[in-house]
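Chain A is the first sequence line, chain B the second, and so forth, proteins listed ahead of strands; every chain is numbered from 1.
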Amino acid sequence: MSYLSISRVTKQFGDTVVVDDFNLDVEKGEFVSFLGPSGCGKTTTLRMVAGFEIPTSGKILLDGADITDKAPNQRNVGMIFQSYALFPNMTVAQNIGFGLRVRKEPENMVKQRVEEMVSLINLEKHANKYPYQLSGGQQQRVSLARALAIHPQVLLLDEPLSALDAKIRISLRAEIRAIQKKLGITAIFVTHDQEEALSISDRIVVMNTGVMEQVGTPFEIYNFPKTRFVANFVGSLNTADAEVVDPAKGLVSMDGVQFESAEGTEGRKKGDKVKIAIRPERLSFASEQKKANVVDATIENITFLGSVVRIQVKIGNTKFNMDTFNNPFLELPGLGSKEQVTCSKEAVLVLDE
Amino acid sequence: MSIFARIRRIPFWSWFWFILGALYFLLPLYATVNFSLRMERDVIGFKAYVRAFEDPEFLETFLYSNFLALMTIVASIILIVPTAYWIRLRLPEARRIVEFITLLPFVVPAIILVFGLIRIYSSPFKIPLTDITILQPLTTFEVGTDILIVAGYMVLGLPYMYRSVDTGMRTVDVRTLTEAAQSLGASWFTIITRVILPNIRAALLSGALLTFAIVVGEVTLASFLGVPAFGPYLFLLGQHRAYEPAALSFASFLLTWAAMGLIQLFTGDQQVSGAH
Ligand SMILES: Nc1ncnc2c1ncn2[C@@H]1O[C@H](COP(=O)(O)OP(=O)(O)O)[C@@H](O)[C@H]1O
Ligand SMILES: [Mg+2]
């Protein structure tokens, strides 16, 4: 039996179904992200775990106990908000101690735990400052410490990094992950940023309009997207209209250019309209040894993106992006030149139209 | 940039209107002060002030009005803070209606309010459908009248108190703070007393001081309910004396300014005030 179990949960606001038949089992100590575009129901799902919303139907079990209808202050759940939500009238130390004092813990225990937490987030020097005297990143760390101080059974984070600037966002996300691992705490992390989800999670739940599209490790989600939505939302993707030529061999044709796909054509018939999708980093210039998919291409544009060089090529009538790692000895073809590009059978995803 | 350079950059017409406005306000005040200092012929002095403050009735009515103001403020806070809080939290769609209601005291004159109060509360309370009286008419005994007038003052102060509190709650994100506190295990009582109230202190103070200013100078309700308050006293004084009322009105001006200064002090730097 899993530690946190969300089963058949549906949430309606009026007639609008915002979360539809959500099912998820989270193991103790696992870090799970909810990933999806704005408005897809991530926050609502998280708030049902926190107790701020009650599911229209379905159950939520935490460590074997049914918490579906429990009041938020009766659950033992830590919540982190995008806006930090620190109490402006309290110092860092008072903020962190708030939950323990509410629980009427003895004062010396509170003091000790606060000290522990303050050093966990490396803010010893700032313990007596007020939130407005801290930077955004520091405030969010305080809010993390405040949530962790009460030994919550689950830590819930709702886009905790969205209000921070890029550098802090990356360092704080590493810090959150490190602390979560160190304490072995179960965490659910909501984000609309795919890179964030991929880098921080044990597992990702990709959501779209209230529905779970796919649940899997970052590796699975990125490399084996099950739906077109997931393929598009996570990572960048070249897509093009195509037609099934030979379902048995996995052959599809795009503007007369044939591609061979390792999977995705079973259950389809010759002539079916499909989309093919190839990630930019899976395309490369064809070398001597022949591989499965070698096609003619015209170089249209070359853009330096730092560590990566993005080359736009035209295959048939469709433009594809092709990414290759940058290095000083890279020999790039001239614009307009004709080259052969290739990708493996596994790189060609065949998706419904 | 120096202050002088800054002042020089302000356009002529801005200065013109500013000075005109200042004169409109300051000239009558100057006249009042000047007049209040001339009670004795050919001498500038504080005789009028001494006379006014010596009158025992002055202190009595002033203290009584202060007591009424304090009661009004406490009752208003107890009633309005949870109301405004709940509306922000759970009933945002009721905001418009409540805001309209809070504006009614501006539209309905105090005289109407007091006649309404007298009409309703000058007959005894009976258990419905019987003749058993549970309470004498509120207007017939002192505590009853005090309750009545405090209730009336709460209505008069409602626009100021509600708006201050509501604005205070807008500047701190009460909704998220509430949820943060709830997830940490706090009860409603803890949330209101330890999270919400301390963070809207500045707003409460400005609401309280405005209510205070209204109550202490109020005449209509006090005279029709026949209570020995400061407003009617000042009014009567004005009809029988010349110099003392001028002295008292300048003194109350100073009091008002002190109150405004306090509001500025506490609201000017919201974050610092919230920090203590
Ligand atoms: N209290 C509410 N009442 C009505 N609709 C709501 C409420 N909360 C959220 N919604 C709607 O539910 C949908 C999902 O919202 P949310 O869970 O916040 O999405 P996300 O966090 O993925 O951006 C949105 O369309 C939003 O407008
Ligand atoms: Mg959200």
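More than 12 heavy-atom neighbours from other residues, nucleotides or ligands sit within 6.0 angstrom of CH2 on B/W257. No more than 12 heavy atoms of other residues, nucleotides or ligands sit less than 6.0 Å from atom CD of B/E142. Dense packing is recorded around CZ of A/R103, with more than 12 heavy atoms of other residues, nucleotides or ligands lying under 6.0 Å away. The environment of CZ in B/F189 is sparse: at most 12 heavy-atom neighbours from other residues, nucleotides or ligands sit within 6.0 Å. The environment of CZ in A/F13 is crowded: more than 12 heavy-atom neighbours from other residues, nucleotides or ligands sit within 6.0 Å. The environment of CD in A/E115 is sparse: at most 12 heavy-atom neighbours from other residues, nucleotides or ligands sit within 6.0 Å.
The shortest distance between side-chain heavy atoms of B/L184 and A/F87 falls below 4.5 Å. Using a 4.5 Å heavy-atom threshold, the side chains of B/R194 and A/F98 count as touching. By the 4.5 Å heavy-atom criterion applied to side chains, A/P88 and B/L177 are counted as neighbours.
When all heavy atoms of B/S183 and A/F52 are compared, the pair lying nearest together is CB-CZ, 4.2 Å. Closest approach of A/A85 to B/T176, counting heavy atoms only: CB-CG2, 3.6 Å.
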Contacts table for residues 143-151 of chain B: side-chain donor-acceptor under 3.5 angstrom, sequence neighbours left out:
residue: B/T145; atom: OG1; partner: B/L138; partner atom: O; Å: 3.4
residue: B/T145; atom: OG1; partner: B/F141; partner atom: O; Å: 2.8
residue: B/D146; atom: OD1; partner: B/Y64; partner atom: OH; Å: 2.5

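The part of A/R47 that comes within reach of chain B is its side chain, from C-beta onward, which places non-hydrogen atoms under 4.5 angstrom from that chain. Looking at A/L100, there are no atoms closer than 4.5 Å to chain B (heavy atoms on both sides), in backbone or side chain.
Between atom CG of residue A/N89 and atom CD1 of residue B/I196 there is a gap of 9.5 Å, rounded to the nearest 0.5 Å. Rounding to the nearest 0.5 Å gives a distance of 9.0 Å between CG of A/N73 and OG1 of B/T190.
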